[in-house]
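Worksheet: one structure, shown below.
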Amino acid sequence: MIRRSLIAAGAALALALPAAAQTMAPAGPTLASTRAKGVVDCGAHPGAPGFGVTDSRGVYQGLEADTCRAVAAAIFGDPSKVRFTVVTSAARLPALQAGQIDLLPRTTTWTQSRDTTNGLNFTAVTFYDGQGFLVRRSAGVTRANQLDGASICVTSGTTNELNLADWARSNRLQIRPVVFEQNDETRIAYESGRCDAFSTDASQLAGIRSALPRPEEHVVLPDIISKEPLSPAVRHGDDQWFDIVRWTIFALIEAEELGVTQANVDEMLNSQRPEIRRLLGVSGDHGPFMGLDRRWAYNAIKAVGNYGEIFERHLGRNTPIGLSRGLNDLWTRGGLMYAPPVR
């Protein structure tokens with residue numbers, strides 16, 4: 001009876017103190033490969049202002065770029081340990097499948113078929129979007145249903161191409177899709193007047209409009225014809241890598257909710273709030289659970305800021321794109337951004 005009590009007490013103690021007993025998880029294949037290379041290989045967009053575009057200094061900037069840098073910081077403590085490979089819409093999923101890249105943060109919509117038939121896993125939504133239309137203001141078009149008979153530029157290998165066909169069929173509209181392989185080709189065709197409208201994710205349209213020679217001559221229509229949850233993707237078969245990418249994204253969202261910023265993250269190391277101490281690695285072994293340092297989330301936040309800071313830096317009201325948070329605000333403010341707790 002005494003022996004059973006001792007066994008039970010020992011088991012209870014082990015359950016009560018998981019952090020103290022936790023050792024560093026061994027590196028899985030992707031983490032080991034990434035450490036051996038010394039960089040995280042990420043798929044990059046040929047040019048989507050606010051999400052992924054090369055600036056005047058040749059530095060790749062945007063929401064997807066900072067997502068990749070956050071993962072690198074979580075792994076190496078250094079956001080510069082990234083390598084961006086430009087991939088077209090048609091080539092992005094095969095590039096990930098083939099192992100040419102480790103992570104695809106490049107404006108890719110999470111769909112059932114992509115998730116189940118391509119050997120991929122989507123990690124966490126980084127931007128809730130929807131497909132819209134960009135038109136010339138001079139056309140006098142104010143709603144999408146006025147595009148009956150219009151030629152519409154769209155990029156192949158995207159959900160946008162299929163959504164456009166479904167929308168036209170459902171609304172009994174006759175449209176003429178003009179299809180191009182790359183977004184830049186689609187933009188140039190619209191800009192040169194080959195199409196009456198350009199259809200892709202509304203956030204990208206806002207970015208494309210901001211980069212046109214005379215943005216005021218173009219307007220993004222208010223109609224949204226689809227759901228486009230954008231999520232970084234990884235390959236099937238490496239749960240540890242999936243966890244690292246997913247929880248790095250969650251950490252950036254959680255940091256915003258907890259008021260942890262790039263500027264105050266060092267000060268927050270002294271916080272007595274248990275949830276902040278766990279997030280920043282002051283207590284618990286949440287990094288070692290994934291084969292990372294305890295300061296994995298601290299390093300990511302220190303490198304790129306929290307989710308809200310990244311959004312405002314690249315897409316927010318004070319940028320040329322000028323987007324409001326909307327669905328991409330925290331759940332506490334009416335948006336959909338919500339992270340499970342680090343505990």
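This one's a predicted model, so the numbers in the text were calculated from it and none came from an experiment.
For the residue pair Asp196 / Ser151, a side-chain donor-acceptor distance below 3.5 Å is found, with atom types taken as modelled.
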Legend entry - Trace of the side chain to side chain contact (heavy atoms under 4.5 Å, CB included) decision for Val87 with Leu104: CA-CA 10 Å; Val87 286; Leu104 181 65; 4.2 Å; yes
Inset, instruction - For Arg169 and Ile175, run side chain to side chain contact (heavy atoms under 4.5 Å, CB included): C-alpha distance rounded to whole Å, both residues' side-chain angles, the deciding distance at 0.1 Å, then the answer. - result: CA-CA 9 Å; Arg169 189 179 304 112; Ile175 61 168; over 6 Å; no
Inset, instruction - Take Leu258 and Arg273 through the side chain to side chain contact (heavy atoms under 4.5 Å, CB included) test and state the conclusion after the steps. - result: CA-CA 10 Å; Leu258 294 174; Arg273 292 181 61 179; 3.5 Å; yes
Inset, instruction - Under the side chain to side chain contact (heavy atoms under 4.5 Å, CB included) rule, what do Ile244 and Trp296 come out as? Steps first, then yes or no, please. - result: CA-CA 9 Å; Ile244 289 169; Trp296 63 284; over 6 Å; no
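When every heavy atom of Asn118 is checked against every heavy atom of Ser113, the shortest pair comes out as ND2-O, 3.4 Å. When all heavy atoms are compared, the tightest approach of Ser199 to Ile152 is CB-CG2, 3.7 Å. Counting all heavy atoms, side chain and backbone alike, Ala251 lies closest to Ile301 at O-CD1, 4.4 Å. The two residues Val135 and Ala197 make their nearest non-hydrogen contact at CG1-CB, 3.7 Å. Between Gly291 and Leu31 the shortest heavy-atom distance is O-CD2, 3.8 Å. Closest approach of Thr155 to Val179, counting heavy atoms only: C-CG1, 4.4 Å.
Two rings, from Phe289 and Trp247, have their centers 6.0 Å or more apart.
Counting only distance, with no hydrogens or angles, the side chain of Asn306 and the backbone of Glu309 share a donor-acceptor pair below 3.5 Å. Judged by distance alone, the side chain of Arg278 and the main-chain N or O of Val342 form a donor-acceptor pair under 3.5 Å. Checked by atom type and distance alone, the side chain of Gln146 never pairs as donor or acceptor with a backbone atom of Val141 at under 3.5 Å. The main-chain N or O of Leu63 is never found under 3.5 Å from a side-chain atom of Arg313 such that the two would form a donor-acceptor pair. Judged by distance alone, with hydrogens and angles left aside, the side-chain atoms of Glu64 form a donor-acceptor pair with the main-chain N or O of His45 at under 3.5 Å. Side chain of Arg277 to main chain of Val282: no donor-acceptor pair is present (N/O by atom type, distance under 3.5 Å, no hydrogens or angles). In this structure a side-chain-to-backbone donor-acceptor pair under 3.5 Å is missing from Ser231 to Trp110. Between the side chain of Asp223 and the main chain of Arg143, no donor-acceptor pair closer than 3.5 Å is present. A donor-acceptor pair under 3.5 Å links the side-chain atoms of Thr186 to the main chain of Gln182, judged by distance alone. Remark: the backbone N or O of Arg83 is not paired with any side-chain donor or acceptor of Tyr60 at under 3.5 angstrom.
Considering only heavy atoms from C-beta on, Gln204 stays 4.5 Å or farther from Val220 through its side chain. Asn183 is not listed as a side-chain neighbour of Pro46, based on a closest heavy-atom distance of 4.5 Å or more. Ile249 is listed as a side-chain neighbour of Thr67, based on a closest heavy-atom distance under 4.5 Å. Within the 4.5 Å cutoff, side-chain heavy atoms of Phe311 are placed close to those of Leu323. Residues Met337 and Tyr307 have side chains in contact (heavy-atom distance under 4.5 Å, counting atoms from C-beta outward). In this structure the side chain of Phe180 never reaches within 4.5 angstrom of the side chain of Ser156, judged on heavy atoms. Using a 4.5 Å heavy-atom threshold, the side chains of Val178 and Val154 count as separate. At least one side-chain heavy atom of Pro49 sits under 4.5 Å from a side-chain heavy atom of Ile321.
Transitive grouping of hydrophobic side chains (ILVMFWY, heavy atoms separated by less than 4.5 Å) brings Phe127 and Val125 into a common cluster. Transitive grouping of hydrophobic side chains (ILVMFWY, heavy atoms separated by less than 4.5 Å) keeps Phe133 and Leu162 in distinct clusters. Transitive grouping of hydrophobic side chains (ILVMFWY, heavy atoms separated by less than 4.5 Å) brings Phe250 and Tyr298 into a common cluster. Hydrophobic clustering (side-chain heavy atoms under 4.5 Å, transitive across Ile, Leu, Val, Met, Phe, Trp, Tyr) groups Val304 together with Leu230. At a threshold of 4.5 Å between side-chain heavy atoms, the hydrophobic network of Ile, Leu, Val, Met, Phe, Trp and Tyr places Leu103 and Val86 in two separate groups.
Taking 4.0 Å as the cut-off between side-chain N and carboxylate O, Arg57 and Asp55 count as a salt-bridged pair. Taking 4.0 Å as the cut-off between side-chain N and carboxylate O, Asp102 and Lys37 count as a salt-bridged pair. Ion pair Asp243/Arg246 not flagged as a salt bridge, since none of the NZ, NE, NH1 or NH2 atoms sits closer than 4.0 Å to an Asp/Glu carboxylate oxygen. A salt bridge does not link Glu216 to Arg214: none of the charged side-chain nitrogens sits closer than 4.0 Å to a carboxylate oxygen. A salt bridge links Glu256 to Arg325: one of the charged nitrogens lies within less than 4.0 Å of a carboxylate oxygen. Here Asp266 pairs with Lys302 in a salt bridge; the nearest charged N to carboxylate O distance falls below 4.0 Å.
To the nearest 0.5 Å, the span separating CG on Leu93 from CZ on Arg235 amounts to 12.5 Å. Going from atom CG of Asp293 over to atom CE of Met290 covers 10.5 Å, rounded to the nearest 0.5 Å. The CD atom of Glu191 sits 10.5 Å away from the CD1 atom of Ile208 when rounded to the nearest 0.5 Å. To the nearest 0.5 Å, atom CG of residue Leu280 and atom CD of residue Glu275 are 10.5 Å apart. In this structure, Cys68 SG and Lys81 NZ are separated by 13.0 Å, a value rounded to the nearest 0.5 Å. Rounding to the nearest 0.5 Å gives a distance of 9.5 Å between CD1 of Ile310 and OG1 of Thr126.
Heavy atoms from other residues, nucleotides or ligands lying under 6.0 Å from CZ of Arg194 number 12 at most. In Arg333, the CZ atom is crowded: over 12 heavy atoms of neighbouring residues, nucleotides or ligands sit closer than 6.0 Å.
The cationic group of Arg114 does not satisfy the cation-pi geometry with Phe122, failing either the under 6.0 Å distance to the six-membered ring centre or the 45° limit from the ring axis. For the pair Arg187 and Tyr190, the cation-pi criterion (under 6.0 Å, within 45° of the ring axis) is not fulfilled.
The side-chain contact (heavy atoms from CB on, under 4.5 Å) with Gln131 is formed by just one residue from the set Leu205, Ile224, Asn163; it is Asn163. The only member of Asn160, Thr159, Thr107 that meets side-chain hydrogen bond (donor to acceptor under 3.5 Å, both in side chains) when paired with Asp201 is Asn160.
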